[in-house]
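Each chain gets a letter, A, B and so on, in the order its sequence line appears, and its residues count up from 1. From a predicted model like this one, the values you see are computed outputs, not experimental measurements.
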There are 2 protein chains.
Amino acid sequence: LLAAVRRSIGRGGRGVTVGIGDDAAVVRVDAASQRAGSSLVLTTDAMVEGVHFRRSWLTAQQIGVRAWRVAVSDISAMGARPRWVLLSLELPAGRARMPERDVLALIRALGAEARRSGAALVGGNVSRGAALSVTVTVVGETAAKPVLRSGAKPGEVVFVTGNVGGSAAARLGLMRRTRSDGIRGAASAYIRPPLRVAFAAEGCVRGLFSAMIDVSDGLLQDLGHMADESKARIRIDAAAIPVHPAAKRSQKDQGLELALTGGEDYELAFTAPERRAGAIAMLAARHRVAVTPIGFVERGRPAVTDAAGRPFAFARAGFDHLRARSSR
Amino acid sequence: LLAAVRRSIGRGGRGVTVGIGDDAAVVRVDAASQRAGSSLVLTTDAMVEGVHFRRSWLTAQQIGVRAWRVAVSDISAMGARPRWVLLSLELPAGRARMPERDVLALIRALGAEARRSGAALVGGNVSRGAALSVTVTVVGETAAKPVLRSGAKPGEVVFVTGNVGGSAAARLGLMRRTRSDGIRGAASAYIRPPLRVAFAAEGCVRGLFSAMIDVSDGLLQDLGHMADESKARIRIDAAAIPVHPAAKRSQKDQGLELALTGGEDYELAFTAPERRAGAIAMLAARHRVAVTPIGFVERGRPAVTDAAGRPFAFARAGFDHLRARSSR
C-alpha cells in the first residue's frame with residue numbers, strides 16, 4: 001500500500017524536502033515569508049464511519065475530498081493558506097474491509113484536492129481500526145496576522161459566506177433514505193463542502209476581517225463561540241440568513257432551524273467594520289463567493305440574539321443526532 | 001470537556017501564539033533557528049484500542065504517555081526536537097464509554113509528557129468513534145540536516161540503542177494473560193517505550209549519525225527499510241544484538257526472534273563511520289543510553305544478513321498477530 005501511495009502521490013511538493021517514505025516528513029517554511037513574520041497554523045480533524053458518514057452515502061473518492069475540505073476549513077477560518085497535510089487512516093478488517101483500490105482512491109482524491117489548494121500530502125499512518133476513520137492534519141502558513149474568534153468589536157457587521165442548512169437537510173434526507181428533489185439538491189452541500197481558502201486568505205492579507213470562525217457546529221453555536229471569545233453580543237436578523245433552498249423546502253418551518261443549528265456547513269462567519277463592506281463585496285465577487293450581512297456586534301454580555309434582542313428559541317435537542325462531532 | 005482541557009493544559013507554551021480554543025493553533029518557528037536554515041519535521045501516529053492496546057493493559061494515564069512516546073519516536077529518528085502536538089481522540093459511546101475523568105487523565109498525561117520533551121499540546125479534535133483511538137501529530141524542528149534512512153554508507157557501523165524484544169515479550173504475555181516474573185519485567189518496555197529525543201537531537205546536531213530509523217516494525221524489517229533506502233547491504237551479528245532479558249527468558253530459543261521481529265521497541269537503529277564510535281560512546285554515556293554496535297554496512301544488493309552473509313530465517317508469520325501496525 002505504501003509503495004502504491006508513493007507512486008500515485010509522489011514524494012515532493014513546494015517546500016517539501018522529504019515526503020512520504022521516511023520516519024517523518026521534512027518541510028521548509030518559506031524563508032521570505034518567515035522573515036516577514038509568518039506563523040504556522042495547525043489543525044486536525046477526524047471523519048469517522050458511522051458517526052460522520054456511512055459508506056453508502058459517499059464513494060471512497062468523495063470521502064477523501066470531504067475529509068480534506070472539512071479539515072482545511074479550520075485553516076481558512078484563520079485566514080491562512082494550507083501547506084502540508086498528514087493523513088492517518090484506520091481501516092477495518094474482515095467483512096467491513098475496504099478494498100485496497102478504494103483506499104488508494106481515497107488517498108489520491110485527498111492528495112489531489114489538497115494540491116489544488118496549494119498543499120502537499122507529505123505523510124501519514126495506516127492502522128487497523130474498528131471502523132473506517134480518516135484523520136487529516138493540516139499545517140498552514142500565514143504572513144499576515146491570523147484572524148481569531150476573539151476580534152469582533154461592537155458596531156461591526158456580521159457576515160456569512162454561501163448559505164447554511166443544506167448539509168443538515170442532506171444528512172436528514174440521507175438518514176431517512178428519502179430521495180426527493182430537495183434532498184438531491186442539498187446532497188452536494190454535505191458531500192462536497194465549500195472551499196473558502198483563497199477568499200479567506202486574501203481577505204486576511206488585506207486586513208478585511210476582525211474575527212472569523214467556520215460554521216461546523218451550527219451558525220448559532222459558532223457565533224456563540226465568537227461572542228464568548230470576543231466578550232460581545234451578536235444580534236442576528238433571522239430574515240437575512242441565507243438559508244439553503246433545500247433546507248427551506250425540507251419541512252414546514254424547519255428551514256431556519258436547520259440553517260441556524262444544523263451544522264457542518266463549513267462556510268465562514270466573520271465580522272468587519274461597516275466601512276470595509278465595499279472591499280469585502282469586491283473580494284467576494286472576485287472569488288465568486290456569496291457574502292451576506294446577517295447582523296451586528298453589540299456591547300453586552302456574550303450571547304447571540306434575534307433582531308429584537310431575544311435569544312433564539314429552538315428545541316436544539318431535535319438535531320442532536322446530527323451533532324456527533326465535538327470540535328476543538 | 002474542552003473547557004476542562006483548557007484549564008488543565010493551558011493555552012500557551014514556547015512559540016505558541018494561539019493554543020487550544022480557536023479554529024486552529026498558531027505557532028511561530030524560532031526565528032534564529034529559521035535563519036540558520038531550520039526544517040520542520042512532521043509525523044502522525046495512531047494507537048487504537050483492540051489493535052495496539054486493550055484498556056485492561058493500560059491505565060488512561062499510561063495510554064497518554066505511550067501515545068506520546070510512540071509518536072515522538074519518529075521525530076527522534078530524524079534527529080529533530082518536538083515542538084508542537086495535536087491530539088485527535090475518538091471516544092466510544094455506550095457501554096465502552098470512557099469516563100470523562102479518564103479522558104482528561106489521558107490528555108493531561110500526554111500534555112505533561114510532551115512538555116517534558118520540550119513540546120506543547122496546542123490543539124486537537126474529539127469525536128465519537130467505534131473504539132478508543134488516540135492519534136498524535138507532532139511537529140518538530142531541527143536546525144541541523146535531518147538524519148534520513150537513506151544515508152547508510154558501506155563500511156559504516158550499525159548501532160542500536162537500549163535493547164529490543166522486551167515489548168514483544170510483554171505483549172505476548174499480556175495476550176496470554178500470564179503474569180510470570182519475566183513478563184512483569186518486560187511490561188514496562190511495552191507500557192512505557194523509551195524516549196530517545198535528547199540523545200538523537202544532540203547526535204544529529206553534532207553530525208554523528210549517517211542514517212537512522214526507529215525500531216517500530218521489528219529490527220530486521222526496519223534495518224531492511226534502511227538497506228533499501230540506502231541501496232546497501234546490512235550485515236548483523238546476531239550474538240551482538242542486545243536482547244531484552246525478558247525476551248531471552250520468554251520461550252526456548254524465541255528470544256532472538258522476538259528481538260529481531262517483534263517490533264514496537266521504539267529504540268533507534270543508526271549507522272556511523274567507525275571513527276565516530278568514541279564520540280557516540282560519550283554521547284550515549286552523557287544521556288545514559290546504552291548503544292551497541294551490532295553490524296556493518298556493505299556494498300551489495302539491499303538486504304539484511306547474519307554474520308555469515310545469509311538471510312535470517314524466521315517464521316515471521318509467527319508474530320503477525322503482534323504486527324497490527326502498518327507504519328508510514
Side-chain angles (χ1 to χ4, degrees), chain A residues 1-2 17-18 20-29 31 34 38-46 48-52 73-75 77-78 80 84 86-88 90 122-131 133 135 137-140 146 148-150 212-214 229 324-328, chain B residues 1-2 17-18 20-29 31 34 38-46 48-52 73-75 77-78 80 84 86-88 90 122-131 133 135 137-140 146 148-150 212-214 229 324-328:
Chain A
L1 180 63
L2 182 61
T17 313
V18 178
I20 294 165
D22 213 296
D23 292 293
V26 182
V27 300
R28 293 187 68 94
V29 177
Q34 184 57 31
S38 85
S39 293
L40 295 178
V41 179
L42 312 173
T43 184
T44 191
D45 224 326
V48 183
E49 182 181 5
V51 178
H52 303 94
S73 177
D74 283 324
I75 298 286
M78 306 298 282
W84 305 292
L86 297 168
L87 169 63
S88 181
E90 290 175 27
V122 293
N125 185 71
V126 176
S127 159
R128 246 198 293 143
S133 154
T135 302
T137 302
V138 190
V139 178
L148 308 185
R149 297 176 175 181
S150 55
M212 191 149 61
I213 192 168
D214 74 323
E229 295 293 327
R325 179 165 170 276
S326 158
S327 111
R328 41 161 288 131
Chain B
L1 181 62
L2 182 61
T17 314
V18 179
I20 295 164
D22 213 297
D23 293 292
V26 181
V27 300
R28 294 188 68 94
V29 178
Q34 184 57 28
S38 85
S39 293
L40 295 178
V41 179
L42 312 174
T43 186
T44 191
D45 223 325
V48 183
E49 182 181 4
V51 179
H52 304 96
S73 178
D74 283 324
I75 298 287
M78 307 298 282
W84 304 292
L86 297 169
L87 168 63
S88 180
E90 290 174 27
V122 293
N125 187 71
V126 176
S127 160
R128 244 200 293 145
S133 155
T135 301
T137 301
V138 190
V139 178
L148 307 185
R149 297 175 174 182
S150 55
M212 191 149 60
I213 191 167
D214 73 323
E229 295 294 326
R325 184 167 167 277
S326 158
S327 111
R328 41 163 288 133

Next on the checklist: Just verifying a value: how many Å separate A:M212 CE and B:D23 CG, rounded to the nearest 0.5 Å?
Outcome noted: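 Interatomic distance, A:M212 CE to B:D23 CG, rounded to 0.5 Å: 8.5 Å.
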Checklist entry - Roughly how far, to the nearest 0.5 Å, is the CG atom of B:N125 from the OG1 atom of A:T44? => result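 So the OG1 of A:T44 and the CG of B:N125 are separated by 6.5 Å.
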Item to check | Largest heavy-atom contact set with chain B, pairs under 4.5 Å, which of A:V139, A:I213, A:L87, A:T135 | outcome: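 It is A:I213.
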Checklist entry - Between A:G50, A:S88, A:A131, which residue shows the highest count of heavy-atom pairs closer than 4.5 Å to chain B? => result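 Counting heavy-atom pairs under 4.5 Å, the top option is A:S88.
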Checklist entry - Quick one: are A:D74 and A:D214 in side-chain contact, heavy atoms under 4.5 Å? => result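 Yes, at least one pair of side-chain atoms sits under 4.5 Å.
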Next on the checklist: Less than 4.5 Å apart, side chain to side chain, heavy atoms only: is that true for A:V126 and A:E90?
Outcome noted: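 When only atoms from C-beta onward are counted, A:E90 and A:V126 do not touch, as no gap falls below 4.5 Å.
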Item to check | Non-hydrogen atoms of A:R128 and B:V51 that approach each other most closely | outcome: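 A:R128 and B:V51 have their closest heavy atoms at O-CG2, 3.6 Å.
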Checklist entry - What part of A:V138 is in contact with chain B, defined as an atom under 4.5 angstrom from a non-hydrogen atom: side chain, backbone, both or neither? => result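 No part of A:V138 comes within 4.5 Å of chain B.
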Checklist entry - Looking at B:V27, B:I75, B:V41, which one has more heavy-atom pairs under 4.5 Å with chain A than the rest? => result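 If we count pairs closer than 4.5 Å to chain A, B:V27 comes out on top.
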Item to check | For chain A, the option from B:L40, B:V48, B:L148, B:T137 that forms the most heavy-atom pairs under 4.5 Å | outcome: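 Among B:L40, B:V48, B:L148, B:T137, the one with the most close pairs to chain A is B:L40.
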